[in-house]
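As structure tokens, the structure follows; a few thoughts come after it.
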Amino acid sequence: MAVIGVLGGTFDPIHLGHRTLGLAAVEEVALDKLIVMPAHIQPFKQNKKVAQDRHRLNMAELAFKDCPQAEVSDYEIKKGDISYSYETMSHLRSIYPDDELFFIMGADSFINVEKWYKGEELLAEFGFIVSSRPGYPEKELESKMKFYRMDYDTKIIRLMTKMPDISSTEIRETALAGESIRHLVPAVVEKYIQMNGLYDDMLKNPRWKMDSY
């Protein structure tokens with residue numbers, strides 16, 4: 001039985017926080033496969049403009065190209081419409097029926113999973129690999145992990161690797177200011193952003209909505 005972790009997100013752009021999270025899951029949990037899944041439209045970002053699907057997919061591939069366990073999936077992008085995690089995980093279970101599937105995420109998202117679309121089913125049917133950002137209240141995370149384990153029998157693995165405190169908003173603002181973002185994204189992603197001018201015009205548009213992750 002293989003152990004598979006799924007790392008989803010808008011990835012606009014994908015950054016060193018995402019990469020650190022994915023690689024930590026591979027190393028600490030000994031994942032056989034890491035599936036990186038760029039969303040088409042996240043449920044909480046339905047009215048927010050993001051970079052084109054192909055660019056976010058390309059950046060994800062660049063960010064994890066040196067990780068042999070990683071593969072970038074275009075399932076949610078090709079599927080279109082809103083990307084619900086439960087539907088994606090159920091689809092993956094149909095492909096890997098005999099393997100163990102984990103959803104990888106940060107603590108700030110994890111504590112609210114129960115409120116997601118079919119969140120209770122997600123907690124009851126799949127495992128979770130969870131990390132915490134610097135400064136995140138540990139007691140709140142521990143309390144929520146205990147609650148999910150008791151109420152849904154959720155298998156939860158807590159990552160110990162220290163995560164960098166990086167946001168996609170910070171990256172877009174830094175890029176707009178003409179400053180280097182190499183300390184925030186993999187060098188190959190920085191080059192891709194520069195070559196394609198991804199955020200130059202978007203950030204000047206007042207309709208652009210800034211997101212924290």
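By convention here, the first residue in the shown sequence is residue 1.
Rounded to the nearest 0.5 angstrom, Asp108 CG and Glu140 CD are separated by 10.0 Å. Atom OH of Tyr96 sits about 11.5 Å away from atom CE of Met89, to the nearest 0.5 Å. Distance CE/Met59 to CG/Leu198: 5.0 Å, rounded to 0.5 Å. Taking CG of Leu21 as the reference point, atom CD1 of Ile166 lies at 11.5 Å (rounded to 0.5 Å). Remark: Glu76 CD to Leu57 CG distance equals 11.5 Å, nearest 0.5 Å.
Among Leu7, Val6, Ile4, Ile157, the one residue that satisfies the side chain to side chain contact (heavy atoms under 4.5 Å, CB included) test with Phe102 is Ile157.
With 3.5 Å as the limit, one finds a donor-acceptor pair spanning the side chains of Tyr152 and Glu114. Side-chain contact of Tyr199 with Glu173: a donor-acceptor pair under 3.5 Å is absent, judged by distance alone.
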- Worked check of salt bridge (charged side-chain N to carboxylate O under 4.0 Å, His left out) between Arg93 and Glu100: CA-CA 9 Å; Arg93 184 172 54 191; Glu100 192 170 14; over 6 Å; no
- Task: List the steps, then state whether side-chain contact (heavy atoms from CB on, under 4.5 Å) holds for Ile129 with Leu159.
- Result: CA-CA 7 Å; Ile129 298 172; Leu159 296 178; 3.5 Å; yes
- Query: Going through the distances and angles, do Glu71 and Leu34 end up as a side-chain contact (heavy atoms from CB on, under 4.5 Å)?
  - Reply: CA-CA 6 Å; Glu71 68 174 46; Leu34 169 67; over 6 Å; no
- Item | Chi angles and distances behind the side-chain contact (heavy atoms from CB on, under 4.5 Å) call for Val36, Ser73 | CA-CA 6 Å; Val36 182; Ser73 172; over 6 Å; no
- Full working for side-chain contact (heavy atoms from CB on, under 4.5 Å) between Asp12 and Arg172: CA-CA 9 Å; Asp12 190 33; Arg172 293 192 292 264; 3.8 Å; yes
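The two residues Ile171 and Pro13 come nearest to each other via the heavy atoms CG2-CG, 3.6 Å. When every heavy atom of Ala39 is checked against every heavy atom of Asp53, the shortest pair comes out as O-OD1, 4.5 Å. Taking every heavy atom of both residues into account, Thr154 and Phe126 meet most closely at CG2-O, 3.8 Å. Phe103 and Ser85 get closest at one heavy-atom pair: CZ-OG, 3.4 Å. Heavy-atom minimum distance, Cys67 versus Val26: SG-CG2, 4.3 Å.
Put simply, the side chain of Gln69 does not reach to within 4.5 Å of the side chain of Leu31, judged on heavy atoms. For the pair Arg149 and Ile156, the minimum side-chain heavy-atom distance is below 4.5 Å. His15 is listed as a side-chain neighbour of Ser168, based on a closest heavy-atom distance under 4.5 Å. Within the 4.5 Å cutoff, side-chain heavy atoms of Ile77 are placed close to those of Pro38. A 4.5 Å side-chain heavy-atom check between Thr161 and Thr20 finds at least one atom pair inside the cut-off. Side-chain contact between Val185 and Ile14 is absent, with no heavy atoms from C-beta onward closer than 4.5 Å. Side-chain contact check for Pro186 versus Leu62: every heavy-atom pair is 4.5 Å or farther apart. Proximity of Phe128 to Leu122: side-chain heavy atoms (C-beta onward) are separated by under 4.5 Å at one or more points.
With Arg56 contributing its side chain and Thr10 its backbone, the two residues share a donor-acceptor pair below 3.5 Å. Judged purely by atom type and a 3.5 angstrom limit, Thr174 uses its side chain to pair as donor or acceptor with the backbone of Glu170. Listed for the Glu190 side chain is no donor-acceptor partner under 3.5 Å among the backbone atoms of Ser180. A donor-acceptor pair under 3.5 Å is absent between the side-chain atoms of Ser109 and the main chain of Met105, judged by distance alone. Side-chain atoms of Ser83 come within 3.5 Å of backbone atoms of His40 as a donor-acceptor pair (strictly under, hydrogens ignored).
Taking the six-membered ring for Trp and the full ring otherwise, the centers of His55 and Tyr192 sit less than 6.0 Å from each other. A distance below 6.0 Å separates the ring centres of Tyr117 and Tyr84. Side-chain rings of Tyr148 and Phe110 approach one another, their centers coming within less than 6.0 Å.
Ring geometry for Tyr75 versus His91: interplanar angle under 30°, hence parallel rather than tilted (30 to 60°).
Electrostatic pairing of Lys118 and Glu87 does not count as a salt bridge here, judged by no charged N lying under 4.0 Å from a carboxylate O. In this structure, Asp66 pairs ionically with Arg19, as a charged nitrogen and a carboxylate oxygen lie closer than 4.0 Å. Between Arg158 and Glu138 there is a salt bridge, with a side-chain nitrogen of the basic residue lying less than 4.0 Å from a carboxylate oxygen of the acidic one. A salt bridge is absent between Lys33 and Asp99; no separation between the charged side-chain nitrogens and carboxylate oxygens falls under 4.0 Å.
For Met195, the CE atom is loosely surrounded, since the number of other residues' heavy atoms within 6.0 Å does not exceed 12.
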